[in-house]
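Read through the structure below, which is laid out as structure tokens, and then see the notes.
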Amino acid sequence: FAPLMAERGRDVPVQDVFGKAGLRGRNDDGSWIDPRIPPKKLAFIDDPFDGWGLRPHAFEGGDTTANKTNAVDRVRESDKYTGQKGVKVILVPPLLPEVTVIRAQRVAQDGTVRMEGINGPDAEQAMCAKVLIVECEQIVPSDELRAAPELNHLPSHQTTVIVEQPYGGYPSAVPNYYDYDWDWWVSYGRLNRKSKEEVRDWWTKHVVETEDDWDYLQRIVGMKRLFELRATPGYGYRADLKRPM
Amino acid sequence: FAPLMAERGRDVPVQDVFGKAGLRGRNDDGSWIDPRIPPKKLAFIDDPFDGWGLRPHAFEGGDTTANKTNAVDRVRESDKYTGQKGVKVILVPPLLPEVTVIRAQRVAQDGTVRMEGINGPDAEQAMCAKVLIVECEQIVPSDELRAAPELNHLPSHQTTVIVEQPYGGYPSAVPNYYDYDWDWWVSYGRLNRKSKEEVRDWWTKHVVETEDDWDYLQRIVGMKRLFELRATPGYGYRADLKRPM
Amino acid sequence: MEQISDEAYDAYLKERGLTRTQYTSMELLAVAAAREVPDGAFVFAGTGLPLLASMLAQFTVAPHMTLIMEAGIVGPRVEHLPISVSDPRGCLHSSMVSNMADTFGTTAMRGYCTVGMLGGAECDMYGNLNSTIIGGYWPGGVSDTGHGPQVRFAGSGGANNIASFADKILVTMVQEARRFPERVEYLTSVAGARGPREKGESRWDYGLVRGGEMVMISDLCIMRSNHETGLLELDCVFPGVSVADVVNNTGWKLDTSRSKEFTPPTEEELKAVRMLVDPSRIYLGRKSKREAAAQQK
Amino acid sequence: MEQISDEAYDAYLKERGLTRTQYTSMELLAVAAAREVPDGAFVFAGTGLPLLASMLAQFTVAPHMTLIMEAGIVGPRVEHLPISVSDPRGCLHSSMVSNMADTFGTTAMRGYCTVGMLGGAECDMYGNLNSTIIGGYWPGGVSDTGHGPQVRFAGSGGANNIASFADKILVTMVQEARRFPERVEYLTSVAGARGPREKGESRWDYGLVRGGEMVMISDLCIMRSNHETGLLELDCVFPGVSVADVVNNTGWKLDTSRSKEFTPPTEEELKAVRMLVDPSRIYLGRKSKREAAAQQK
């Protein structure tokens, strides 16, 4: 829990899509109406520790944080959310997705996952899922990733399915392997401002008329372009990638 | 927060050392009695999500977790802790230590910290402190650790003081550098069952009469022993270390 | 900066049709925002103009600042301008790359989020930002009006969190009266005071323990939040803009009594933003709607 | 196992004064505990006998189990017996080494803690464990009695969490009547049913949503928790031990009506625990108090 009202998306969270659709909570028999949707969007409670832990904290001699503002005394005067004066805490239910799909550079044969570069929310999203599908550039022997287990992000048992799909992240970037295809994104952005016919033609050529990912990469993208995107050692991306607007 | 009553040390936490000593909470002027000791040991609340998220979860078709027992319906019948029937949640205040001391293999000149092998609670303990002292085997150029930032555990700004102290973890182990000194621990264990005189002599010789850490390592431990403890590549510890009882 | 020769800069200027002293709207915004970054700050920046301005600050007024991106990046030494928070260019030579949960839950909560750099589609008199929708929240199928929003934007992303955690919030926007209403239609991020304290509508009343200092850098002017009233007030107008221009493009009765002059971008600032931050002019090459409209006339 | 030659094993036996069929108390405990591990289990083990038994299980009845240690280790392939949770031997070739918070907060909470292996200083009729103190909690300076505890143990460590999260708990202890009281003096870990359900004193009443299946493996016998009453009952006695021996060393009225025979350790099991798990006999070489006392007589 966070002793700040920061995780709201909106400061008073009035919009509840699932609630409006009647998908929250339990049926009469006690089962969840939808076992993937939590009973509430969130909950407010009075902070049982009265703002303890807010940084900068009232250490004797001051705190070493960079933040300087601390209006906890003002917050303590407010009775918003719960009707009681004092610091409030917001509680958020855990996510329980049925399926998570992530991409990693390397996955071991036993399912151990190692991600390189930015991983954002990927490890957390992966662990909470019922089924985890991991796409990767390369399946490697388990010993390769088990030689330095502290560098791994997910243990073997978490992975349900491994999909080996080199260049499968194209046209996005996969750190240390290849960069995003700048030209693709620019042209795709422009495409979406064109006529319906042109958009339809594009989708026909790129998706309908390609047999599979390999056919798409081979015929539409081409090996030359794929190799132009290979990451520059020491950068993780293609340092000299041209990015014209 | 955890929807289990697991973080208690005791299932009904009746022992409150700080509380007994009168160190919790606020003075009349609103300041904390002790700014390092939280106002409560912990707090119980009624789970606003009624056990949502407990694994194995009631997905349609079942969950993929290894755990099979789920007695949430029995828990829901109980009114322990809060007087209300339902699943309870325990909230624990954050730790706010004034000083944390950790050991890492390498720290960069800018304060960036990378730990190898087991790090247990070290990163969390480090980040919450007001002052962080990092002991290390070696101070290295910042570029060395910044070349692969996803392998680092603490950003540079978190570190207050760096202490370069090779073999400073002796007689404990520092993964990939050296193993623990088995013989030292066995003899230390035996020492503590000996007479007061023998214990006093040991402390005099090892601590009082040694000038500093270097003197201790040089004269009492000896380079030969230190080199016997060097980690075996691929193991992180000394694979052929003799460990007689 | 020393490493960039006059020859290289002159060639760049010639190729792009620029001069050493004239500047575009984007360049002006970047320079004005960068100047607001205190040295030593921990700057949470989104991509686009916020990132551009933070990088410029690092090369000019705030060499000791730490750039933080919500994907988990702390303190990078960027060489090539990232175009999103997941661009691998963003983590080059950073001190740590952790994850999104730790960036807000640990780095920001712990006390290392002093400046937030944000954008928005609407900004109101109390510094509330809307980056979610215009014209009703619900899609047509379930809305009471029978139709969906006119525009749906990308949403908060990390903006709400950054606005909640930071001591000081810098916002860059293109200024038009309809984008600067008295009250935003949808409150995505509480960047400023939120509302009047005497009515119990301030950010503190709603539980935010930090912040309240907001600076709006539009393409016309700079506004600052008044610490007493919480309202955004005119701080200075940009060269070539009149106070009346600003008032006409503001949807509330703007206090202009403390308006000052703005020091135009220096040659050094322009050289840095052009040669060190965005040499490909990925963002600098963009024209504001006002510029585009002016060009068409 | 195949890789260990008869010659090597014979040499080991000779050097240590052991035989292929006879076994020590520690070896018996390790074998009996290992047999209780279901294949495919996720086993949280503390160091000492619990770790020894888990490793043996991996080499015998549960080749597909995953060993987890609270310091953050998941699924190691241990070659050298670790002597503590922070021994680097414990993480050799593991699938992941994360940290302590994630091990309980993510791995165990997520549903990957099926078997817990614990020890204790006291165990009561409902399977509650005390590994904290004997003789009063408070130190002499602040206690009501004016004196501190007789013994202060290492405390819970991860034991309370493991006991709370696991489906099945295995506990190994040396059995004496004073260590098996009706009620533990201090409740460190709720390994079993905790108390009678009809009085609202069960583990579920106190909020634990998993577990309730406890197996006590002492140096005299095996006890199991009765699913109806929650009480530990005699399951089998070890070779050379009588039911009366067990009853005399139990502080409550033990139900012995369902007592069965125990199959002694096989030669294969003994070879595995000796040659693969603890060849240096770091733990196997220890004598229980009972053995030590018997030797002195």
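Each chain gets a letter, A, B and so on, in the order its sequence line appears, and its residues count up from 1.
The greatest number of non-hydrogen atom pairs below 4.5 Å with chain B, out of A/Asp63, A/Asp34, A/Leu151, A/Thr64, is found for A/Thr64. Between chain B and the residues A/Pro38, A/Ala58, A/Gly61, A/Pro39, the most heavy-atom pairs under 4.5 angstrom are made by A/Pro38. Chain B forms more heavy-atom pairs under 4.5 Å with one residue of A/Pro35, A/Gly117, A/Gly30 than with any other, namely A/Pro35. Most heavy-atom pairs under 4.5 Å with chain B, from the set A/Ala148, A/Ala43, A/Gly25, A/Gly236: that is A/Ala43.
The environment of CZ in B/Phe59 is crowded: more than 12 heavy-atom neighbours from other residues, nucleotides or ligands sit within 6.0 Å. Within a 6.0 Å radius of CG in A/Asp28, no more than 12 heavy atoms belonging to other residues, nucleotides or ligands are found. Under a cut-off of 6.0 angstrom, the local environment of NZ in A/Lys85 is sparse, with at most 12 non-hydrogen atoms contributed by other residues, nucleotides or ligands. Environment of NZ in B/Lys68: crowded, with over 12 heavy atoms of neighbouring residues, nucleotides or ligands closer than 6.0 Å. Counting non-hydrogen atoms of other residues, nucleotides and ligands closer than 6.0 Å to CG of B/Leu95 gives a total of 12 or fewer.
Contact between A/Arg36 and B/Trp52 at its shortest, heavy atoms only, is C-CH2, 3.5 Å.
Distance CZ/A/Phe49 to CG/B/Leu42: 6.5 Å, rounded to 0.5 Å. Summarising the geometry, atom CG belonging to B/Leu91 is positioned 6.5 Å from atom CG belonging to A/Leu91; distances are rounded to the nearest 0.5 Å.
With a threshold of 4.5 angstrom between heavy atoms, A/Gln158 does not approach chain B through any atom at all. Contact annotation for A/Leu96: both backbone and side-chain heavy atoms come within less than 4.5 Å of a heavy atom of chain B. Of the two parts of A/Asp73, neither the backbone nor the side chain holds a non-hydrogen atom closer than 4.5 Å to a non-hydrogen atom of chain B. Proximity to chain B (any heavy atom under 4.5 Å) is shown, for A/Ala147, by neither the backbone nor the side chain.
For B/Glu135, the side chain to side chain donor-acceptor pair (under 3.5 Å) partners two or more places apart in sequence, or in a different chain, are B/Arg103.
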Side-chain donor-acceptor distances from residues 123-132 of chain A under 3.5 Å, at least two apart:
| from | atom 1 | to | atom 2 | distance (Å) |
| --- | --- | --- | --- | --- |
| A/Glu124 | OE2 | C/Asn99 | ND2 | 3.3 |
| A/Lys130 | NZ | B/Glu60 | O | 3.1 |
| A/Lys130 | NZ | B/Gly62 | O | 2.9 |

